Structures are given as C-alpha cells and as structure tokens.
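In this text, all values refer to a predicted model and were calculated from it rather than measured experimentally.
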Amino acid sequence: MRYTLSPAVAGALLALAACAGGVKTVRTSDAQLAPRPSDCPLEFLQKAPERPYDELAELETHVTAAPAGGTREALRPKACELGADAVIVTRDFVTNAYGHAIVAGTAIKYRAEAPPAPEAPAPEAPAPEAPRPGAPVNL
C-alpha cells in the first residue's frame with residue numbers, strides 16, 4: 001500500500017518545520033567567549049561598524065510570529081549565547097502574505113580599544129652657549 005501526502009498536509013508540515021527550526025548557526029571563528037544572558041544588550045546594525053571587531057557566527061532564522069521588538073529579536077538569544085556585542089543584519093524580509101519572515105546576520109564581538117600611544121616628550125630647548133674666551137660679553 002502506498003501513501004501520498006496531500007498538498008495541504010505537505011504545506012502544513014512545511015510550516016510546522018519552519019516554526020520549530022530555531023536559529024541556524026554557522027561558526028566563523030574558533031573563539032569561545034563566555035555566554036551572556038539571553039536578553040543581553042545587543043546592537044542590530046545595518047552595516048559593518050567603523051570600530052574593529054571579530055566575526056563569531058552567521059545566524060539565520062525563519063519567523064512566523066515576530067517577537068516584541070520585531071523579527072530581529074529572534075536572533076538575540078543565540079547571539080548573546082555566543083557572547084556577541086552586535087549583529088550586522090544581512091537579511092530581514094517577509095516572504096509571504098501570512099507574515100512569514102527570514103532574518104539573518106553576522107554576530108560580532110568588538111575588539112578591546114587599544115590604549116592611546118604615549119606622547120613623545122617635547123624636545124628640550126638648546127642649552128645656551130658658553131662665551132668663548134676673549135669674546136665680548138653683553139651684560
């Protein structure tokens with residue numbers, strides 16, 4: 001006996017799979033940072049920051065019911081778990097009339113700021129020359 005799925009059942013299973021997927025994570029670094037709380041402060045950036053950073057992982061998830069704060073918030077728990085300071089958002093768009101969205105980005109960790117370089121000491125004024133023997137002296 002052969003079983004086939006109706007298109008409606010196949011669609012329902014596909015939708016269910018999308019809901020249960022979690023956040024797909026592809027590590028781009030071997031760095032093992034201390035995890036932060038799942039609601040840690042996190043920046044969502046539109047482009048790479050000017051300050052130096054290291055990439056930690058590529059994140060992607062499918063969202064059917066956006067959390068409070070928007071679809072990007074679905075990436076926060078995983079980014080915080082990785083110890084990230086920010087996520088550079090690479091994709092955030094609705095895919096269908098039912099509000100299903102895909103959101104993706106790169107989790108990053110800012111590098112520690114380098115201490116300012118020490119200033120070079122100011123050059124000393126030249127020492128006055130001693131008068132030569134027999135030269136006139138101004139008093």
Side-chain angles (χ1 to χ4, degrees):
M1 181 181 215
R2 186 171 197 194
Y3 294 100
T4 59
L5 289 176
S6 72
V9 172
L13 288 174
L14 184 59
L16 183 61
C19 293
V23 177
K24 177 182 171 188
T25 306
V26 177
R27 298 286 305 219
T28 56
S29 168
D30 292 332
Q32 297 295 321
L33 303 174
R36 299 169 66 197
S38 62
D39 62 344
C40 72
L42 190 72
E43 293 179 80
F44 289 103
L45 308 171
Q46 294 298 111
K47 61 179 185 163
E50 296 292 323
R51 62 190 281 196
Y53 65 91
D54 294 310
E55 292 185 5
L56 301 175
E58 296 295 327
L59 308 176
E60 179 180 313
T61 191
H62 296 251
V63 180
T64 54
T71 54
R72 297 171 182 193
E73 289 296 321
L75 298 177
R76 183 181 299 273
K78 181 52 88 172
C80 292
E81 178 184 318
L82 294 169
D85 294 320
V87 173
I88 304 168
V89 178
T90 55
R91 285 183 283 165
D92 187 2
F93 60 91
V94 175
T95 63
N96 62 30
Y98 300 106
H100 179 92
I102 295 175
V103 62
T106 304
I108 64 170
K109 179 73 174 173
Y110 292 123
R111 291 184 190 153
E113 295 289 327
E119 292 185 28
E124 294 183 24
E129 292 183 27
R132 292 182 296 224
V137 178
N138 291 334
L139 295 176

(message) So K78 and E60, do their side chains get closer than 4.5 Å, heavy atoms only?
(response)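 SC-SC contact between E60 and K78 ruled out.
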(request) Can you sort out the partners of E55 under side chain to side chain contact (heavy atoms under 4.5 Å, CB included), two or more places apart, ordered by chain and number? (result)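 For E55, the residues satisfying side chain to side chain contact (heavy atoms under 4.5 Å, CB included) (neighbours in sequence not counted) are T28, Y53, E58, T106, I108.
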Closest heavy-atom contact between [X] and [Y]?
X    : Y   : result
A74  : P67 : N-CG, 3.9 Å
A107 : A84 : CB-CB, 3.9 Å
A79  : V87 : CB-CG2, 3.7 Å
R111 : R51 : O-NH2, 4.3 Å
T71  : A66 : CG2-CB, 3.9 Å
A86  : L42 : N-CD1, 3.5 Å

Is it the case that the side chain of [X] and the backbone of [Y] share a donor-acceptor pair, with hydrogens and angles ignored and the cut-off at 3.5 Å?
X   : Y    : result
R36 : P41  : yes
R76 : S38  : no
T95 : H100 : yes

Interatomic distance, [X] atom [atom1] to [Y] atom [atom2] [nearest 0.5 angstrom]:
X   : Y    : atom1 : atom2 : answer
L56 : T25  : CG    : OG1   : 11.0 Å
D39 : E73  : CG    : CD    : 10.0 Å
L33 : K109 : CG    : NZ    : 6.0 Å

Do [X] and [Y] belong to the same hydrophobic cluster, where Ile, Leu, Val, Met, Phe, Trp and Tyr are linked whenever their side-chain heavy atoms lie under 4.5 Å apart, directly or via other members?
X    : Y   : result
V63  : F44 : yes
V89  : L75 : yes
V103 : I88 : no

(request) Tell me, yes or no, whether the heavy-atom count around F93 atom CZ, taken from other residues, nucleotides or ligands under 6.0 Å, exceeds 12. (result)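 Atom CZ in F93 is crowded, with more than 12 foreign heavy atoms closer than 6.0 Å.
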